[in-house]
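It should be emphasised that the depicted structure is a prediction, and the values quoted were computed from it without experimental measurement. Throughout, protein chains are lettered first and strands after them, A, B, ... in sequence-line order, and every chain is numbered starting at 1.
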Amino acid sequence: MPTWGMGGCSVFLEINDLNTYYGPSHVLQGISLTVAKGEIVALLGRNGMGKSTTLKTIMGLAKPKSGQVVFQGNSIFGNPPHKVSMAGIGYVPEERRIFPNLSVEDNLLIGVKGGVIDQSNPDAWTLEKMYEVFPSLKKRRTNKGANLSGGEQQMLAIGRALMGNPSLLLVDEPTEGLAPIIVEAVRDILAEINKMGVSILLVEHNLNVAMSLAHRVYLMGKAHIGFVGTVKELDNNPDARAQYLEV
Amino acid sequence: MSTSILETKDLFYDYSGLQVLTGVNLQVEKGERHAIIGPNGAGKTTLFNVITGLYAPCRGKVIFKGQNVSGFKPHKLSRLGMGRSFQITSTFHNLTAFENIRMGVLSRMGIRFNMFQRVDKLKDVTRETDVVLRRINLHRESAVPANALSYGKHRALEVSLAMSTNPDLVMLDEPTAGMSRDETHSAVDLIRRLTEGKTMVIVEHDMDVVFSLADRITVLHHGKVLAVGAPNEIKNMQEVKDAYLGHGGV
Amino acid sequence: MNKFVRNLIMWVVFLAVAGAAPHVLGIVKTNVLVELATFALFAVSLNLLLSFTGVLSFGHALFYGVGAYTTALLLYHVEGFPLIPALLLSGLAAGLAGLILSPLLVRVTGTAFAMLTLAFGQLMYILCLKFREVTGGEDGVAGYDIPPLNIPGVASLDMLDSTVFYYFTVVVCVIGIMIMWFFTKTPLGQVVVGIRDNSLRVDYLGYRVRHTKAIIFALSGFFAGIAGSLFALFQGVVSTDGVLHVMVSFYPIMAILIGGIGTFFGPILGSGILIVLEDMIMRYTERAELVTGLLFIIVVLYVPGGFVWLWMGLVARFKARKLRMSKEVEA
Amino acid sequence: MRKVLKSVSFFIFLCLTASLFLIGPALAGGEFKLEDMSDMSDFDPNNFQNPTGDTFKIGVLQIFSGPGAGNGELFWITTCWVAHDINKRGGIMIDGKKKLIEVIKGDTMGKPATTKKAAEKLVLEDKVDVLWGTSGSHLALVIQGVADRYKKIFHQSLSMSDSLMDEKNFNKYTFQTMWSTNQVGETTAYFYSQRKKEKKFYIICQDYLFGHSLAESFKKGLTKYYPEAEVVGEDYHPLFAKDFAPYLTKAKASGAEVIFTGDWLPDGGNLVKQARQLGVNVPFANIFIDEPNALSAIGPEGTKGLVNLNQYMGDANNEKGMAFGNKWKELWETKWEAPYNTLLYKWPGGTIGYAVETTYWMLDVFNRAGSSDPEKVIKVWEGDVYKGIGGNRLEMRACDHVVIRDTYATEYVYPNPWFTELSSGTEVFTIPAEKSMPVDGARCK
Amino acid sequence: MSPVTAMYVAQAIHGLTYGMLLFLVASGLTLIFGMMGILNLAHASFFMLSAYFCYQVVAWTDSFWIALILAPIGTGLVGIIVERFLLRKVQKLGLGHIGDLLLTLGIALVISEAVKTIWGTESHQVLIPPSLQGLVTVAGLEYPIYRLFIIGLSLVILGALAFILFKTRLGMIIRAAVSDRDMVSALGINMPRVFMFVFGVGTLMAGVAGVAAAPMLTVFPGLADQIGLDAFVVVVVGGFGSLLGAVVVSLFLGELNSFGIQFIPRLAPVLVFLFMALVLSFKPMGFFGERDE
């Protein structure tokens with residue numbers, strides 16, 4: 001179990017007082033969170049609270065107005081997406097955003113940094129390794145992205161991000177719209193990836209999945225963080241759950 | 001039956017193969033505040049768009065005030081007395097708050113093709129617009145362009161715009177989306193005041209809002225109606241909890 | 001009251017300057033002003049579409065051309081056809097053209113609208129070249145007499161007199177621009193602005209977006225036609241290259257962009273800059289297009305949105321500074 | 001006393017009138033004399049120095065900017081040449097004193113509106129005494145309007161349309177020294193009718209008024225002079241067309257023996273060039289494909305057999321013309337720099353030749369009128385006869401102000417004394433003026 | 001082959017030649033629009049610029065072949081400079097199409113004036129290299145080698161383009177970026193640099209067309225006008241951003257041109273725009289288009 005907490009070399013990603021606007025709409029109002037090395041952090045909350053925007057802002061896809069984003073000791077605040085990615089953050093977006101006119105294999109290969117798989121690094125992801133982890137993708141490697149089922153697309157989106165060998169993965173609603181059995185599979189894969197040493201910041205509406213995966217949980221209310229704690233702490237806090245999650 | 005103002009019968013809709021609505025039967029009684037809730041992708045917004053005429057249903061009927069209005073265009077529905085707001089703020093962002101509201105007021109007064117009078121010389125329009133602005137507490141910002149308003153006020157304008165044509169039925173799509181708690185609070189007040197004596201259908205994720213506003217709730221799940229009932233009944237239904245909190249709960 | 005006084009002063013200054021211009025400048029420069037006024041009217045009519053309806057037309061020359069040809073053909077074929085009816089009929093013909101095309105045009109926006117208008121504009125251009133029995137093709141229609149302006153019982157003004165024609169043009173253009181300005185202030189004008197900002201919302205408020213758009217196309221076409229008619233009267237010759245060429249469509253767009261997009265008076269400023277600059281450049285160099293080209297690049301890089309916005313930005317900054325200073329004084 | 005005075009003055013008046021009648025014909029008409037020409041060795045078209053002070057001003061209206069700017073350059077050198085020559089001779093007599101010639105550019109940009117502006121600026125601001133130009137009949141028409149309105153002589157030296165001087169467009173201030181489309185048609189038809197070698201003609205012209213009226217006049221000419229000939233096809237292509245192959249393939253398949261074209265450059269050059277590339281070796285009868293730069297790209301083989309029709313062939317025609325041409329060529333070889341050092345400017349052949357010749361004529365007319373008062377100039381120029389550079393006769397038809405002159409045709413051969421890079425004409429066939437008349441204007445009927 | 005058949009076959013090949021040239025110009029235009037959303041009014045000017053470069057290189061080296069390589073590269077470099085220092089800045093300002101429009105029209109004007117200042121206003125000639133002069137005879141049909149060379153050259157370019165697009169990583173990135181450029185950049189790919197490359201390649205292809213056309217035509221300042229408008233029609237009718245659309249419509253327009261002239265010469269140019277108006281009225285995205293904006 002990795003340690004968590006503020007500061008120390010184990011802090012991997014640190015976000016401080018992040019503010020983002022969409023036009024006049026203040027969608028992130030002073031968000032602060034941390035992700036430690038090897039940790040899975042879940043960011044939960046109802047729709048429209050700014051969870052996806054938080055990920056997008058980290059990724060550089062939404063422009064933050066103020067705050068700090070420090071990754072592995074370097075500020076990546078306001079960096080364009082490709083620089084954030086090169087720094088070692090992978091992104092699995094909401095609704096997968098698979099390239100519909102590319103084959104499965106091309107969808108994977110496009111995620112390789114610099115286009116060349118680093119053979120010298122035994123930990124680096126290769127197509128073979130990927131197909132081992134995602135056997136369903138191997139079968140459909142020549143199919144166009146548009147022709148995959150939702151579950152396959154989700155696997156592909158995760159695989160695509162992994163091909164860049166990220167040390168931190170931002171995963172946005174990976175189980176949305178998937179059949180229960182696939183949801184299980186996705187959860188297992190995320191757990192497996194985490195075991196390989198990849199930290200994960202997860203946005204998830206399926207509490208079941210989130211609670212079984214995460215080490216630590218942030219609950220988001222409107223544009224702000226409302227609760228921080230371990231899974232256990234959340235379990236023991238029905239008020240927080242009622243306020244931020246339940247009906 | 002005769003009291004229902006809006007009804008959908010076995011409504012189907014799909015986006016090029018992706019089934020979104022799979023037989024929705026909805027009933028909204030005249031004068032009630034009706035909330036539609038459900039997890040993401042349940043088809044709430046699509047249902048809204050089909051009812052308000054943005055999309056024509058693939059199958060099924062939309063009945064408004066006893067008339068089959070399936071496939072009617074938005075402007076026609078508006079003239080029949082239906083208004084709507086949008087989840088993503090969709091005002092006239094370069095126009096001032098005053099001009100925004102005036103757009104609705106003009107339509108309500110049937111001034112739609114007049115190009116022979118200056119609009120600011122139409123005294124009753126101006127007066128009426130001012131009344132609305134005062135009611136929504138925007139009269140101090142009447143000359144401020146919509147996109148320069150604070151987020152909360154901009155959302156309030158969004159909702160008020162839907163009300164500005166004085167519709168009998170107003171459809172609000174996540175009116176408090178993206179608001180802070182304080183803003184949400186005043187928005188709920190505003191909605192309650194504005195929809196006094198009207199029929200309202202609301203889609204919302206903020207359960208505080210839903211429970212403080214709604215008389216009746218429909219839960220949508222996978223393109224179907226999962227449950228209908230009063231707030232308290234809904235709160236305690238196991239299937240609703242399942243739908244919201246994931247499989248098996250915590 | 002303050003505003004009223006300011007407007008009054010502005011009108012007085014304008015009338016004084018415009019009235020004195022031909023006597024100070026001489027015929028050649030007065031004619032540049034005639035060109036400017038006509039072009040400004042044309043640009044403002046296009047701006048009704050671009051800045052107020054939010055669609056970019058690449059084929060506005062079509063309406064300009066229809067107006068110009070109508071005037072030329074009327075005067076050419078009908079002996080003694082009076083001036084004002086010719087002007088109005090030209091505008092109506094162009095407006096009608098807008099109405100006829102509107103069922104196709106209202107369906108599209110954005111790039112597709114630009115390309116569709118380009119297609120119609122080019123189609124008109126080529127058709128006019130082909131129907132040379134009517135239009136005279138490349139040579140165009142020429143040799144018609146510009147009728148005098150008869151005001152029954154008052155006077156008959158000889159339009160061949162450059163100064164008189166200048167006054168006539170200025171009056172027509174000012175009236176035309178004022179009507180368009182007035183239009184933007186009417187309820188329908190408001191709806192049009194609403195369509196630009198958010199056409200879906202307009203629909204949801206109970207307005208018929210397509211009908212409204214059709215009206216604005218017709219109106220914009222009408223004034224473009226009036227501008228074309230003035231051109232025909234001024235030049236005494238109307239040819240395809242002169243009124244229907246694709247550059248005739250592009251030029252007013254440039255004027256709008258240089259002057260200030262999204263504003264009503266920006267295009268007038270832009271027209272002024274373009275026409276006056278071109279006249280000045282042509283006196284000194286044969287590389288007029290180089291200067292225009294560089295102007296476009298510089299404007300887009302350093303004055304994005306046009307000069308009116310630059311001016312408004314400066315005013316805003318000045319006001320902010322004044323406010324800050326007054327606050328400091330208070331403190 | 002009074003009576004005496006009256007009768008004396010009447011007598012004097014009578015004498016004067018009589019002398020006018022006697023001397024008039026002798027005075028009427030001028031002549032270009034090579035021996036009078038000044039030493040042109042200091043003529044530098046790149047840095048033409050206009051005289052200052054009280055000058056006689058020519059406003060040259062041409063395209064000086066935009067894609068067609070090459071036209072402006074071409075005619076700028078011709079007017080400058082004449083001005084330089086006349087200035088070295090001391091100028092022309094205007095209002096009792098010798099005035100030097102000043103040449104002022106007016107840029108039409110090829111657009112009607114700009115043309116009007118430029119013409120009005122020349123008349124009103126620069127106060128030119130005569131307007132000169134221009135290519136494109138629609139532009140010429142605009143200038144005619146300006147000339148009429150401000151009562152300035154317009155020496156219409158470059159547009160060919162017959163309609164410019166018809167009953168509708170005629171104005172007394174305009175004098176057209178360029179031959180017209182009808183003359184081209186009749187010239188061509190007459191030439192082939194005398195040659196009787198080819199019978200099948202194909203017409204390829206530019207798809208605008210000029211191309212069409214040229215084609216019409218050619219067909220009319222054939223019916224008049226050569227009824228046994230046959231037009232086997234005709235096509236009209238857009239201006240500045242890119243690909244002529246489809247037209248040429250049709251022409252080839254039609255079995256035509258000659259392709260008649262009115263295309264000017266670059267279309268004409270591209271037409272011939274692509275024809276030769278396609279292996280279509282049919283000769284072209286043309287009026288504008290005499291530009292050596294374009295022809296040199298096609299080479300001597302490809303340009304062989306082209307038949308050029310022209311209103312001026314001073315260079316090849318006779319000794320006088322040759323002598324003038326040689327003077328020009330010497331300067332070209334030794335003095336001129338870019339853009340005036342290309343093959344185009346080597347010989348004052350067709351285009352340059354007639355522009356120079358008729359400009360001399362125009363100045364001579366003003367000189368003889370002794371005034372720039374249009375009414376006086378009109379009186380002199382109407383019916384005037386001038387002997388051109390090669391001694392050829394130019395007559396200004398009084399009734400509609402169009403030139404009447406012999407025209408010429410030549411077939412290109414190789415080798416020739418003019419160019420090593422291309423074929424050119426050596427033998428010139430003269431079509432007598434009465435065989436190729438401009439259409440009668442309304443006032444001539 | 002009977003002469004009549006020969007004529008029709010020849011017309012078909014003419015259509016192919018012009019269609020392929022048009023494709024070279026239009027493909028760059030459509031790629032630039034598809035990926036970057038830029039309506040490049042200066043595109044045809046690059047075509048003309050390359051023809052001038054070609055003339056210049058031939059004048060210096062006397063070799064068409066060196067020109068065929070150097071002129072398009074030079075044009076592509078100019079394109080890259082334009083993208084890097086002008087377009088990119090303007091795109092950042094967020095003026096949308098309007099900004100691009102003003103800028104690229106400005107660039108078009110500046111290029112056409114620069115050309116006149118450097119090379120003068122008169123026409124220049126480029127000769128067909130000796131090895132490509134003359135005709136070949138196949139089954140009784142004589143056809144010029146140079147035109148066949150143009151078709152071949154265009155096919156090579158088309159092949160190279162297809163290879164880059166479908167067989168290389170870069171092509172993968174470009175295809176992906178047409179549908180979702182944000183996602184591509186989130187995978188660590190420097191999109192601005194890809195844009196620069198695409199703009200360079202687009203102008204380079206227009207450059208190849210310019211060089212190929214130079215010996216058939218005259219190099220003069222108005223060279224770009226007609227082909228520019230035709231290329232626009234291709235892009236619009238084919239669908240913005242669709243290479244397949246560009247190929248199909250280019251060839252269609254080429255044949256329409258040839259056989260239009262053969263059968264209804266007077267109406268050929270009207271047909272093109274009538275066709276465009278019809279397509280746009282009923283299919284605003286063009287035949288193969290996916291996206292607007």
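- With a threshold of 4.5 angstrom between heavy atoms, D/S65 approaches chain E through N, CA, C or O but not through any side-chain atom.
- For D/N293, the parts lying under 4.5 angstrom from a heavy atom of chain E are both the backbone and the side chain.
- Proximity to chain D is limited to the side chain of E/E142, based on heavy atoms less than 4.5 angstrom apart.
- Open room surrounds CH2 on E/W60; 12 or fewer heavy atoms of other groups in view lie less than 6.0 Å from it.
- Ranked by heavy-atom pairs shorter than 4.5 Å toward chain E, the options D/L344, D/N71, D/T342 are led by D/T342.
- Your options are E/V126, E/I128, E/L109, and the one with the most heavy-atom pairs under 4.5 Å with chain D is E/I128.
- Here the side chains of D/Y236 and D/Y208 are not in contact, with every heavy-atom distance at 4.5 Å or above.
- Heavy atoms only, all atoms of each residue included: E/Y18 and E/G254 are closest at CD2-CA, 4.3 Å.
- Donor-acceptor pairing under 3.5 Å is lacking for the side chains of D/Y247 and E/H14.
- Highest contact tally toward chain E, considering only D/E291, D/Q277, D/R276, is held by D/Q277 [criterion: heavy-atom pairs under 4.5 Å].
- Looking only at heavy-atom pairs under 4.5 Å with chain E, the residue among D/A297, D/P339, D/A245 that has the most is D/A245.
- Judged by the 6.0 Å and 45° rule, D/K105 forms a cation-pi pair with D/W76.
- For E/L135, the part lying under 4.5 angstrom from a heavy atom of chain D is the side chain only.
- Interface remark: E/S112 contributes no atoms to any contact with chain D (heavy atom separation under 4.5 Å).
- A side-chain N or O of E/T218 and one of D/N270 form a donor-acceptor pair less than 3.5 Å apart.
- Residue D/E230 places its CD atom among more than 12 non-hydrogen atoms of other residues, nucleotides or ligands, all under 6.0 Å distant.
- The residue among E/Y146, E/Y143, E/F220, E/F259 with the most heavy atom pairs within less than 4.5 Å of chain D is E/F220.
- Looking at D/K273, the atoms closer than 4.5 Å to chain E (heavy atoms on both sides) all sit in the side chain, from C-beta outward.
- Heavy-atom distances place the side chain of E/L127, and not its backbone, under 4.5 Å from chain D.
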